[in-house]
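What's counted below: heavy atoms across the whole structure, side chains too, no hydrogens, waters or symmetry copies. Bear in mind the structure is a predicted one, so any value in this text is a computation, not a measurement.
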Amino acid sequence: MESSYTYLTTEELAQRIKYDCRTIRQQLKDSVLIEGTHYIKPFGRRKILFLWEAVEKEMLKATHGTISIPMANGGYSHG
């Protein structure tokens with residue numbers, strides 16, 4: 001079975017989810033968005049490509065769970 005993914009650059013992802021590129025790189029990447037699940041570094045290079053379907057699934061999962069309040073240090077308070 002062949003899988004098809006939509007690969008997005010940080011800039012393209014930022015446009016889709018209405019977040020600043022810096023927020024994605026500094027606060028979401030490696031805390032909410034995990035390498036190998038939500039993004040890849042093709043060919044072992046620095047360039048990052050986000051997997052839209054995995055990111056979208058993560059966003060929808062977060063809306064159905066408990067309330068999370070973003071903290072100034074980048075963490076979340078689960079209330």
Approximate separation, where rounding is to 0.5 Å, of [X] [atom1] and [Y] [atom2]:
{"X": "Cys21", "Y": "Gln26", "atom1": "SG", "atom2": "CD", "value": "11.0 Å"}
{"X": "Arg16", "Y": "Phe50", "atom1": "CZ", "atom2": "CZ", "value": "13.0 Å"}
{"X": "Asp20", "Y": "Gln27", "atom1": "CG", "atom2": "CD", "value": "9.5 Å"}

Would a single hydrophobic cluster contain both [Y] and [X], if residues Ile, Leu, Val, Met, Phe, Trp and Tyr are joined by side-chain heavy-atom contacts under 4.5 Å?
{"X": "Leu13", "Y": "Tyr19", "answer": "yes"}
{"X": "Tyr39", "Y": "Met59", "answer": "yes"}
{"X": "Val32", "Y": "Trp52", "answer": "yes"}

Report yes or no: does [X] contribute a side-chain atom to a donor-acceptor pair with the main-chain N or O of [Y] at less than 3.5 Å?
{"X": "Lys18", "Y": "Gln15", "answer": "yes"}
{"X": "Glu58", "Y": "His38", "answer": "no"}
{"X": "Glu12", "Y": "Thr9", "answer": "yes"}

Quick one: does [X]'s side chain get under 4.5 Å of [Y]'s, heavy atoms only?
{"X": "Ile17", "Y": "Ile24", "answer": "yes"}
{"X": "Leu49", "Y": "Leu8", "answer": "no"}
{"X": "Ile48", "Y": "Arg25", "answer": "no"}
{"X": "Ile40", "Y": "Tyr7", "answer": "yes"}

Option from Lys47, Glu35, Arg46 for which side-chain contact (heavy atoms from CB on, under 4.5 Å) with Lys41 holds
Glu35
